[in-house]
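As structure tokens, the structure follows; a few thoughts come after it.
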Amino acid sequence: MGGVLRAEPVWVETFTGLRMDRFAGLVKERGGNGPGGGRPWCLPLPDRVLLVAVYYRTNLTMRQLAPLFGVSPATVCRVIQRLRPLLALERAPRPVADTERLWIVDGTLIPVRDRKVGASSRNYRFSANVQVIIGADTRLVIAAARPAPGNKADAHVWRESGPPATAAGTTVIADGAYLGTGLIVPHRKRAGRPLLRGQEKDNAEHRRVRARVEHTFARMKNWKILGDCRQKGDGLHHAVQAVAAMHNLAMAR
């Protein structure tokens, strides 16, 4: 049985938001056929990368994806398991000391099915907390931490995750949930002590800039896998990294 979807411009642009040249770079740099030997794949590498992208974009089941690519559900599962860690976000370069950079950090809750990854959280769902750093100017994802249970506070997850090391020496802003972490947060209003006019102005500018990370989350969640992740173990972590990589490629136009 032949499949419907192939690594052609109409399908690539629809499901990845990438031009064919950028998709080809994704295939070449991150797809990788891996070591030789064993039975060859029934799909060429570009189609396998597209399959993973379609899975992340639509969150269809293996049984639903199989007829679209003309393969069995077991093959779809093997392709996703093999490629998902290879499509991860590239490591961010170290900041240049003499260049001013402004990064923004925030956490987002992603519903998960794996009880070892998530926890019952404030969105009334079983979720995981994922910390993401973006560049304020570029809106590109700099780093995404491993998921933590969704019932943990953002500040606690930030201290225990890897991004603080990535952000060392860089100016990073965050919302009031990160109080006491050393990041730049809004001025806090205290009982009986209203904010000064200058502090209110600073907070307004802080909100305006920090909104960019919320916009980034909204774009990333166009990949429906981040709305209800059925993958277990490292599946959510790999999905976030892959979506961040494709988001960056789509934004870098």
Side-chain angles (χ1 to χ4, degrees), residues 12-19 22-23 26 52-60 84 87-90 92 101-113 117-118 121-150 152-155 157-158 161 163 166-167 172-178 183-186 203-231 235-253:
V12 168
E13 294 173 10
T14 299
F15 289 105
T16 69
L18 305 177
R19 300 195 307 265
R22 296 197 181 276
F23 178 76
L26 178 71
V52 179
V54 171
Y55 173 63
Y56 286 156
R57 188 76 170 189
T58 64
N59 205 20
L60 294 173
R84 69 184 191 184
L87 301 181
L89 178 69
E90 291 181 330
R101 297 193 181 193
L102 180 62
W103 289 355
I104 311 169
V105 64
D106 200 4
T108 185
L109 293 175
I110 299 177
V112 294
R113 305 288 183 91
V117 175
S121 53
R122 63 179 180 272
N123 65 351
Y124 304 105
R125 299 188 66 180
F126 208 82
S127 304
N129 184 324
V130 176
Q131 300 284 305
V132 175
I133 300 176
I134 71 162
D137 295 330
T138 63
R139 292 175 171 81
L140 300 180
V141 177
I142 305 299
R146 281 190 167 274
K152 291 188 176 182
D154 283 340
V157 177
W158 168 259
S161 62
T166 303
V172 184
I173 70 173
D175 61 23
Y178 293 82
L183 305 179
I184 299 177
V185 299
N203 282 1
E205 179 65 15
H206 188 282
R207 288 193 299 271
R208 185 187 69 81
V209 175
R210 203 194 66 79
R212 298 171 188 175
V213 72
E214 302 292 350
H215 301 160
T216 299
F217 285 147
R219 294 189 187 97
M220 290 178 66
K221 289 184 178 180
N222 284 329
W223 279 269
K224 303 304 181 184
I225 189 73
L226 302 187
D228 181 17
C229 183
R230 297 186 299 270
Q231 293 282 303
L236 174 59
H237 177 60
H238 292 152
V240 171
Q241 297 291 324
V243 167
M246 288 186 284
H247 163 80
N248 285 357
L249 285 172
M251 292 288 291
R253 294 182 176 179

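Computed from a predicted model, the values in this text were never measured in an experiment.
Rounding to the nearest 0.5 angstrom, the gap separating the CE atom in Met246 from the OH atom in Tyr56 is 7.5 Å. Expressed to the nearest 0.5 Å, how far NE2 of His238 lies from CZ of Arg146 amounts to 6.5 Å. Residue Leu89 holds its CG atom at 9.5 Å from CG of Leu140, rounded to the nearest 0.5 Å. With rounding to the nearest 0.5 angstrom, the CE atom of Met251 is 12.0 Å from the CG atom of Leu249. One finds the CG atom of Asp154 at 10.0 Å from the OG atom of Ser161 (value rounded to the nearest 0.5 Å). Rounding to the nearest 0.5 Å gives a distance of 10.5 Å between OG1 of Thr216 and CG of Asp106.
Using a 4.5 Å heavy-atom threshold, the side chains of Met220 and Thr108 count as separate.
Ile133 and Ala167 get closest at one heavy-atom pair: CD1-CB, 4.2 Å. Between Gly107 and Asn129 the shortest heavy-atom distance is CA-OD1, 3.9 Å. Taking all atoms of both residues into account, the shortest heavy-atom contact from Leu109 to Ser121 is CD1-OG, 3.9 Å. In plain terms, the two heavy atoms of Ile142 and Gly135 that are nearest each other are CG1-N, 3.7 Å. Scanning all heavy atoms of the two residues, the minimum distance from Ala144 to His237 falls at O-CE1, 4.3 Å. Of all heavy-atom pairs spanning His247 and Val141, the tightest one is CD2-CG2, 3.8 Å.
Judged purely by atom type and a 3.5 angstrom limit, Arg230 uses its side chain to pair as donor or acceptor with the backbone of Asn59. The backbone N or O of Asp175 sits nowhere less than 3.5 Å from a side-chain atom of His206 that would complete a donor-acceptor pair.
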Using distance only, find each side-chain donor-acceptor pair of residues 222-229 under 3.5 Å and give its atom names and separation, not counting sequence neighbours.
residue: Asn222; atom: ND2; partner: Arg219; partner atom: O; Å: 3.3
residue: Asp228; atom: OD1; partner: Arg113; partner atom: NE; Å: 3.0
residue: Asp228; atom: OD2; partner: Arg113; partner atom: NH2; Å: 2.7

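A side chain to side chain contact (heavy atoms under 4.5 Å, CB included) with Trp103 holds for exactly one of Ile173, Leu183, Thr166, Ile134; it is Thr166.
Listed by first and then second residue, the salt bridge (Lys or Arg N to Asp or Glu O under 4.0 Å) pairs that reach into residues 238-248 come to none, sequence neighbours excluded.
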Quick one, Val105 with Gln131, criterion side-chain contact (heavy atoms from CB on, under 4.5 Å). Give me CA distance, side-chain angles, the key distance, then yes/no.
CA-CA 7 Å; Val105 64; Gln131 300 284 305; 4.0 Å; yes
